[in-house]
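Nothing here was measured: the structure is a model prediction, and the numbers come from that model.
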Amino acid sequence: MSGDLSEVEDLLKKEEPAESAVEATEAAAGDMPTVSKEKTPDEADSSVAKVSSDGGMFSLIYTVAKRVAVVGVIYFVGYMGWSVAWLIAPVIFSVARTQMRKKTELRRNIAKASAIATEREMILARIDELPAWVYFPDIERCEWVNRILKQVWPNANHFAKGLIKNTIEPNIQKALANYKLNSFKFDRMILGTIPPRIGGVKVYDKNISRNEIIMDLDLFYASDCDINFSLGGMRGGIKDFQIHGMVRVVMKPLINKMPLVGGLQIFFLNNPNIDFNLVGVVDLLDMPGLNDMLRRIIIEQVGAIMVLPNKLPITLSDEVPAVTLKMPEPEGVLRVHVMEAKDLMKKDFSVVGKGKSDPYAIVTVGAQQFRTQIIDNTVNPKWDFWCEASIESGQYVEIEIFDKDDTSDDEVLGRATVEITSVVKKGQLDTWLTLENAKHGMVHLRLAWMTLSTDRNDLSAALAETQMLRVTSMSTAILTIFIDSAKNLPQARPQSKPDPFLIVSVGKKQEQTAVQMRTDAPVWEQGFTFLVANPENDSVQLRIVDQKTEKELGQLSYQLSSLLTKGNLDISSEPFTLQKSGPVSKIVLSMSLRILKNAPSLEDEVESTKSTVDSSLSRTDSVTSAAQLSKQDSRMSMGQLTAGGETTASLQEEPCTVSSTATVSSATPPATPEYRDSTLIHRTSSTTSSAGFAGLGRIQLTLRYSVQRQRLIVIVHKIMNIPLKDPSNVPDPYVKLYLLPGRSKESKRKTNVAKDNCNPVYDATFEYIISTAELIGSELEVTVATQKGFLSGGSPVIGIVRVQLNDNEISQQGITTWYDLLPENYE
C-alpha cells in the first residue's frame, strides 16, 4: 500500500507539459486543495517583466480603470447620500456571480482534463466520478475503442460538421424565429482535437433479435471546439462544449455481405447532461431570459436529433432499405398519471413570511415532455394529469415540480425519477416518491405499461378502457408512419422547381419533414410516431407545401379504418395518388398501426375484477329476489312500521329500485339514548315518505370509487321531507360536502341553492382525487343548510350525515341510498 502511495506522489510531483491532466486541472483551478507554491521576489519581478513584454500595458490600464470605477462608485454613493444598501447589493451580486463562474470553469477544466488524460490520470483526477466499468461488472472496459476514436476523429469531425450545418442549424433558425430573432447562422465550426471518450460498454446478449446487435456506451465528450455564429448582425461563439450520457448503438440488420452490418441507429436513451460556454455576445445574452433561451434551444435541438424517440440512422449498405433503419419502432407506450403532491416547500412570500406555492409539474421521458396545469396557492396540489409516451426499455421517467413565479424564473420544488424497467416488470406501478433536491415533499404517480398488439380484436378492450377512465386524452393505438418520397410534383412558380416539405398530422399532433431544395421528386426518408384516440374514426392528413411561396403542392387523406383491414395492420412502401396536385403526382408511404394492450399483470387484475363483478352480480340477483319477497310480505301487512315509526303505506305504491348493495346499511347514529340502539335503514327507492329518525328529512346520495382513476364520485340526487316549521319561512336548502379528517377548503364542495323548497332536486356530481389507502381512513360529511334561519337559534344547518368510506361496495359497484339527516350537535 505504501508503495502505491509513493508511486502516486511521484506521479503528482513530475513536471510534465500540458498533457498531464492532473497538473492542467490544478493550474486551471486556483482554489483546489493543492499544495501552494509561493514565488520568490525575483520570480515575481521576472513574471511582471514578462507580462509587460507581452502587452501588459493594456492590462495595467484596465486594472487602473477598474479601481477608479470602484472608487468612483463609492464616492458617488456618498455624495448622493444614498443608503449603504445601494453599495452592498451590487457587491454581493458581483461576488456571487464570480464564484458561480469559477465553479463552472473548474468543472469544465476537470472534464476537459479527464477527456485528454490517460486512464491512470483520469482516475486520479476524477476519483469521485470513476468510469462505469469500475462499479458494474456487466459493463466492460473499452480503452481500445478510445484509441480507435482518437485515430478516426479527424474524419468523424467532417461528418459532425455536416450534421450541425444541415440539421441543427435550420432547426435553431426555426426555433429562434418564434422569438423574433432571425438570421442565425454558423460561420465557423472547429470541433477541436479532443475526441469523445467511452467510459464503458455493455453488449446485450439476451432478449434481443437475431438480426441485430445492441450495445450501450457511457459517452463523455469535453471538446476544445471553436464554433462561431451570427445572430441578427451580432457575432458570438460556443466554446468548451460538453456532453455526458448513455448512448445506445443498434447494429441492424445483419447481412451476408461486407460490412456484415446494414446500418446503425445511434441515440441517447435519456436526456444527456449538456454544458457549454457562450462567448462574443455573452455580455448581451447574459441578460435574464435571453441566455437561458439560447441554451435551451440548442439543447432541445440536440435532443430532437439523438434523444429517444428520435434516432440518428446511418446506412452502411445500399442493399438495406431506408425504412428498415429510419422508421420508428417503439417497444410500448407508458401511461403516466400525475395525481398529486403533498408537503411541498413554500416559496411565495406573504405579509407574515413564506406563504404557499403555485406548483406545476413537468414530466420528461427522453425528448418527450408534458406539463400539468398550475395549482395556485397550495403546497398539496392535486393535478389529476394524464399523459402518454412511446418508449423503449432502459429509459426513465423524470418529474420536476416548479413554483410558478410571474416576476422571476420559476423555482424548483424538487424532482424524482422512476425506472421504466420496474414498470415493465410489474405492468403497473402506484407509488409515492420522495422529492430530491428539496427539504421535503412527495409526489404521487401511477404508471401503466402498454404493450403493442397486431390483433384488431384488442381494439374493443382498449376503447372500453378509455371510456372507463373518462379521460379524453387517452389513446387506444399508436401509428408509425415513414414518409419515403414523392414524385412529379407541380411547379410552385414559373420556370422553377419547388422547395417542398411535408406536413403530416393525426388528431391535434402535427409533424414536419425537412425541406428539399429545387426538386419535384423529393426524398425525405423520415419517420414519425402518433398516438391515436380511435383508429376507427381518425385519419392521417398529409400536405406538401412549397417553402418559398407557401403554396400547397398536393394533399392526401387516409382513413385509419382502412389500415385495420390490412394484414398485420401495416402497409409497406405503397404509392398513393396525391389530391389537388398533378395528374401523375404520387407519394410513397409506409404505415404501421399497433393496438395498445395492458401488460400481463394488468390483464390478470382485469380477470380478477371480472370474476368479482360476476359474483357480485349473482349476489345482486339474490338480493333483488329477497327484496321482491319482502315487498310482497309488506303488502300483506299494511300497518308495518319503519324503524323511525313511519308507516310504509306510501312506499308500497312507489317503484323500488334495489341496487347491488344490501337493503340495510349502517351509519353512525347519534349518541343520545333514544337513537343509540337504532338501526338506520337506507332504501334506494326514488322517493321516501319518511322524515328520518330525527324528523329533519332524508337525502339521497350515490357513492362510487374508481380504482383506475383514483377518484371518489359523489352524486347528490335530492332531499325530501324537510320539515316546515313556519309556513311563512320556507327554507332555501343547499348541500355542502367535506372529506374528513382534516376539513379543508380544498375538499369543500357545494350545490346550488334551491329557493323555497322542502323537496329540492340537485343531481349534482362531485369528484375527489384520493388514493385507495386514504379512502379507507376517510369519511364524507354531508351538511344540508339553508340561506334562511331554520332553527330557533338561527343556525342555518338543517341536518348532517357522515358516511364512512371504507365500505367495499363503494369501490366495487357503488351505492345509491337514502340517508337520514341528523342534528348538527351529535357526536
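Not a single donor-acceptor pair under 3.5 Å links the side chain of S475 to the backbone N or O of A477. For Q373 (side chain) and W383 (main-chain N/O), a donor-acceptor pair under 3.5 Å exists by modelled atom type. Between the side chain of D218 and the main chain of G200, no donor-acceptor pair closer than 3.5 Å is present. For the pair W524 (side chain) and F482 (backbone), a donor-acceptor distance under 3.5 Å is absent. A donor-acceptor contact shorter than 3.5 Å is absent between the side chain of D343 and the backbone of H440.
Every residue two or more places apart in sequence or in another chain that forms a salt bridge (Lys or Arg N to Asp or Glu O under 4.0 Å) with R248 is listed here: D216. For E169, the side-chain hydrogen bond (donor to acceptor under 3.5 Å, both in side chains) partners are K165, not counting sequence neighbours. Under the ring pair (Phe, Tyr, Trp, His ring centres under 6.0 Å) criterion, F402 pairs with Y360, sequence neighbours left out. With sequence neighbours left out, Q265 forms a side-chain hydrogen bond (donor to acceptor under 3.5 Å, both in side chains) with no residue at all. Under the salt bridge (Lys or Arg N to Asp or Glu O under 4.0 Å) criterion, E511 pairs with K509, sequence neighbours left out. Qualifying side-chain hydrogen bond (donor to acceptor under 3.5 Å, both in side chains) partners for E340, counting only residues two or more places apart in sequence or in other chains: K382, H444.
Atom CZ of R446 is separated from atom OG1 of T431 by 11.5 Å, given to the nearest 0.5 angstrom. Note: L447 CG to D430 CG = 9.0 Å, rounded to the nearest 0.5 Å. Between L596 atom CG and S453 atom OG the span is 9.5 Å, to the nearest 0.5 Å.
Taking the six-membered ring where tryptophan is involved, the planes of F220 and H244 are perpendicular, since the angle between them exceeds 60° and thus also 30°.
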| said: The test is side-chain contact (heavy atoms from CB on, under 4.5 Å); show your working for V506 and L479 and say whether it passes. | reply: CA-CA 9 Å; V506 177; L479 174 71; 4.1 Å; yes

| said: Under the criterion side-chain contact (heavy atoms from CB on, under 4.5 Å), I'd like the reasoning laid out for E746 against T378: C-alpha separation, chi angles, the key distance, then a yes or no. | reply: CA-CA 9 Å; E746 295 179 358; T378 181; 2.9 Å; yes

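Under the 4.5 Å side-chain criterion, counting only non-hydrogen atoms from C-beta, V504 is in contact with F528. No side-chain heavy atom of V412 sits under 4.5 Å from any side-chain heavy atom of N437. Looking at heavy atoms from C-beta onward, N270 lies out of side-chain contact with M246 at the 4.5 angstrom threshold. In this structure, the side chains of S357 and L344 stay at 4.5 Å or more apart for every pair of heavy atoms. Looking at V203 and I214, their side chains never come closer than 4.5 Å, going by heavy atoms from C-beta outward. The closest side-chain heavy-atom distance from K252 to E329 is below 4.5 Å. A heavy-atom distance below 4.5 Å is not found between the side chains of I401 and R415. Side-chain atoms of V540 and M591, non-hydrogen and from C-beta on, do get closer than 4.5 Å to each other.
Judged by the 6.0 Å and 45° rule, K342 forms a cation-pi pair with W432.
Atom NZ of K404 has more than 12 neighbouring heavy atoms from other residues, nucleotides or ligands inside a 6.0 Å radius.
Shown here for A175 and Q301, the closest heavy-atom pair between the two residues is CB-NE2, 4.2 Å.
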